[in-house]
Amino acid sequence: MNILPKQKKDIDKLKKAGDKAVLIKIDKLLDELREHPLTGTGKPEKLRHYQTPT
């Protein structure tokens with residue numbers, strides 16, 4: 001999974017702000033997306049008009 005420059009910039013701002021709780025949550029979500037990109041935390045719901053790529 002690639003992190004876009006805008007996302008990297010936002011994460012860097014959070015690091016400078018020192019908000020460790022938010023950084024931990026972001027890291028946890030990114031790890032989960034790397035391991036299981038089609039499932040998610042909680043009760044994920046399929047988007048109405050989204051078609052799975054074949």
Legend entry - Evaluation steps, salt bridge (Lys or Arg N to Asp or Glu O under 4.0 Å), between D31 and R34: CA-CA 5 Å; D31 287 341; R34 284 184 198 104; 2.8 Å; yes
Inset, instruction - Name all residues meeting the salt bridge (Lys or Arg N to Asp or Glu O under 4.0 Å) criterion together with K6; count only those two or more places apart in sequence or in a different chain, and write none if there are none. - result: D10
Inset, instruction - State the CD1-CG distance between I3 and L30, to the nearest 0.5 angstrom. - result: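 Rounded to the nearest 0.5 Å, the CD1-CG separation comes to 5.5 Å.
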Inset, instruction - Please round to the nearest 0.5 Å and tell me the distance separating atom NZ of K8 and atom CG of N2. - result: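 Output value for this atom pair is 13.0 Å.
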List the atom pairs, donor and acceptor, that lie under 3.5 Å between side-chain atoms in residues 15-27 and the rest of the protein, sequence neighbours left out.
none

Legend entry - Carboxylate-amine/guanidinium proximity below 4.0 Å for D12 and K9: no
